[in-house]
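Remarks on the structure that follows.
Note that ligands are numbered from 1 as they come in the structure, with each ligand's atoms numbered from 1 the same way.
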Amino acid sequence: MPTSKHIILAGCGNMGYAMLEAWISRGGIPPRNVHVVEPVEALRSRAAVTGANAYGNIDEIDPTLQPAIIVVAVKPQVIAAVLEAYRRFASSAVFVSLAAGVSIETLETCLGPCAAMRAMPNTPASIGQGMTVTFANPRVGTAQAQRAGELLAATGEVIAVSSEHLVDVATAISGSGPAYLFHFLECLASAGQALGLDRETALILARQTIRGAAEMAATREDDPEVLRREVTSPNGTTAAALEVLMGQNALMALMRDAAAAAYKRAVELSRAN
Ligand SMILES: NC(=O)C1=CN([C@@H]2O[C@H](COP(=O)(O)OP(=O)(O)OC[C@H]3O[C@@H](n4cnc5c(N)ncnc54)[C@H](OP(=O)(O)O)[C@@H]3O)[C@@H](O)[C@H]2O)C=CC1
Ligand SMILES: O=C(O)[C@@H]1CCC=N1
């Protein structure tokens, strides 16, 4: 039997669509090989614009279709109910679940014994700048792992971890991380407004500063501390600000608390599912 090239994407909301955009615009995946299942009409139409096949329900798919990979991008709270209809693919396809906190054990409870992976991506996947952390069960064969890895690599960097709980840790750092940065952007712009800039100018300054700093951090191999020190003149303006941010480890403690709260929630979700 020839190897199937078909991919099912179950759920095409924020994260599913970010992946779909990357697969088609950067990953060289022919849209005709992608089958999106999404009940929300507007999201289904958005997916169809990429050229992918779009269905409101898994039962609308050609019953003879044998997908190689099924990417599950529905909310953790509904995944068990959703997977029921996918059991028929459990003996042939590799399942890649993006759901935060949903364990491999839960996936296998829903699907029966199957090749199952967890992948924790983030929304910069849509522009090929994503970070995805993966963990696979032993049923995932070498060829399946390679094909799933290639699919995820179209969205940016991919790292495989050897312990499942590290996927929950990654959820708290890279999965949710873009939201922390977007909030930092909001905060920096708001500070600019408080000091007298209009909102539009404050956002331009904050956005380009974050873009430039992120690019520098990504392209230079120095420790971030080195980059920070380069900005900080002795007794200058940055030192004055960092005294507020770093005094008593203020931002460090806040960041650790925030990430710990995200991790705790991932663990709660794993118990609820
Ligand atoms: N957003 C992010 O940055 C990240 C999200 N994730 C994970 O990705 C998953 C999806 O998150 P996100 O995209 O934000 O959520 P969204 O709610 O934006 O997207 C999920 C979509 O799945 C749809 N859906 C519900 N039931 C089915 C079904 N039976 N078949 C197909 N689709 C269905 C939902 O419809 P309806 O609204 O009607 O229920 C919704 O449109 C979650 O498990 C999350 O943990 C992981 C990393 C990052
Ligand atoms: O907020 C969430 O639960 C999902 C998982 C990581 C990012 N978004």
For [atom], what is the nearest protein heavy atom, given as residue, atom name and distance?
{"atom": "atom 25 (C) of ligand 1", "value": "P39 CG, 3.9 Å"}
{"atom": "atom 19 (O) of ligand 1", "value": "G13 CA, 3.3 Å"}
{"atom": "atom 11 (O) of ligand 1", "value": "M15 CB, 4.3 Å"}
{"atom": "atom 36 (P) of ligand 1", "value": "V40 CG2, 4.0 Å"}
{"atom": "atom 3 (O) of ligand 1", "value": "T123 CG2, 3.4 Å"}
{"atom": "atom 3 (O) of ligand 2", "value": "A100 CB, 4.2 Å"}
{"atom": "atom 15 (O) of ligand 1", "value": "K75 CG, 4.3 Å"}
{"atom": "atom 1 (O) of ligand 2", "value": "S176 OG, 4.5 Å"}
{"atom": "atom 18 (O) of ligand 1", "value": "N14 N, 3.0 Å"}
{"atom": "atom 9 (C) of ligand 1", "value": "V74 O, 3.4 Å"}

With heavy-atom distances below 4.0 Å as the criterion, list the atoms of ligand 1 near [X].
{"X": "E38", "answer": "21 (C), 22 (O), 23 (C), 34 (C), 35 (O), 40 (C), 41 (O)"}
{"X": "G11", "answer": "22 (O), 31 (C), 32 (N)"}
{"X": "A100", "answer": "43 (O), 45 (O)"}
{"X": "M120", "answer": "46 (C), 47 (C)"}
{"X": "L43", "answer": "41 (O)"}

>> Could you report the tightest heavy-atom contact between L43 and C12, atom names first, then the distance?
In response: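 The answer is CB-O, 3.8 Å.
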> At a 4.0 Å threshold, what atoms of ligand 2 neighbour a non-hydrogen atom of G175?
Replying inline: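 Counting atoms of ligand 2 from 1, those under 4.0 Å from G175 are 6 (C), 7 (C).
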>> Just to verify, which of H35, Q66, R32 counts as forming a side chain to side chain donor-acceptor pair (under 3.5 Å) with H6?
In response: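 Between H6 and the candidates, side chain to side chain donor-acceptor pair (under 3.5 Å) is satisfied uniquely by H35.
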> Where's the contact between A73 and ligand 1, heavy-atom distance under 4.0 Å: side chain, backbone, both or neither?
Replying inline: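 Backbone only.
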> Linking I/L/V/M/F/W/Y whenever any side-chain heavy atoms sit under 4.5 Å apart, do V37 and I29 land together?
Replying inline: no
> Quick one: does E164's side chain have a donor or acceptor within less than 3.5 Å of a partner on I104's backbone?
Replying inline: yes
> Does the E84 side chain pair with the main chain of A80, one donor and one acceptor, at a distance under 3.5 Å?
Replying inline: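 Not at all, since once roles are kept as given, no pair shorter than 3.5 Å links the two residues.
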> Would R46 count as a cation-pi partner of Y17, with NZ or CZ less than 6.0 Å from the six-membered ring centre and within 45° of the ring normal?
Replying inline: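 Output yes; distance and angle both within limits.
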Strictly by modelled atom types, are [X] and [Y] linked by a side-chain donor-acceptor pair under 3.5 Å?
{"X": "S103", "Y": "T106", "value": "yes"}
{"X": "Q144", "Y": "R147", "value": "no"}
{"X": "D198", "Y": "T201", "value": "yes"}

Option set [options], criterion heavy-atom distance to [atom], minimum:
{"atom": "atom 47 (C) of ligand 1", "options": "P121, P178, G175", "answer": "P121"}
{"atom": "atom 31 (C) of ligand 1", "options": "L98, V78, V36, V37", "answer": "V37"}
{"atom": "atom 29 (N) of ligand 1", "options": "T171, V82, L9", "answer": "V82"}

>> Using the rule side chain to side chain contact (heavy atoms under 4.5 Å, CB included), only one of L152, T50, V71 pairs with W23; which is it?
In response: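 Going through the options one by one, the only one that passes is V71.
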> Only one of L98, L83, V96, L9 clears side chain to side chain contact (heavy atoms under 4.5 Å, CB included) with V72; which?
Replying inline: L83
>> Is it the case that atom CG in N235 sees more than 12 heavy atoms from other parts of the structure closer than 6.0 Å?
In response: no
> Are any of the protein's heavy atoms under 4.0 angstrom from atom 7 (C) of ligand 2, yes or no?
Replying inline: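 It does; a protein heavy atom is within 4.0 Å.
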> Do any N/O atoms on N122 end up under 3.5 angstrom from N/O atoms on ligand 1?
Replying inline: no
>> Can you confirm whether F95 sits close enough to I69 that some side-chain heavy atom of one is under 4.5 Å from a side-chain heavy atom of the other?
In response: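 Counting from C-beta outward, F95 and I69 never come under 4.5 Å.
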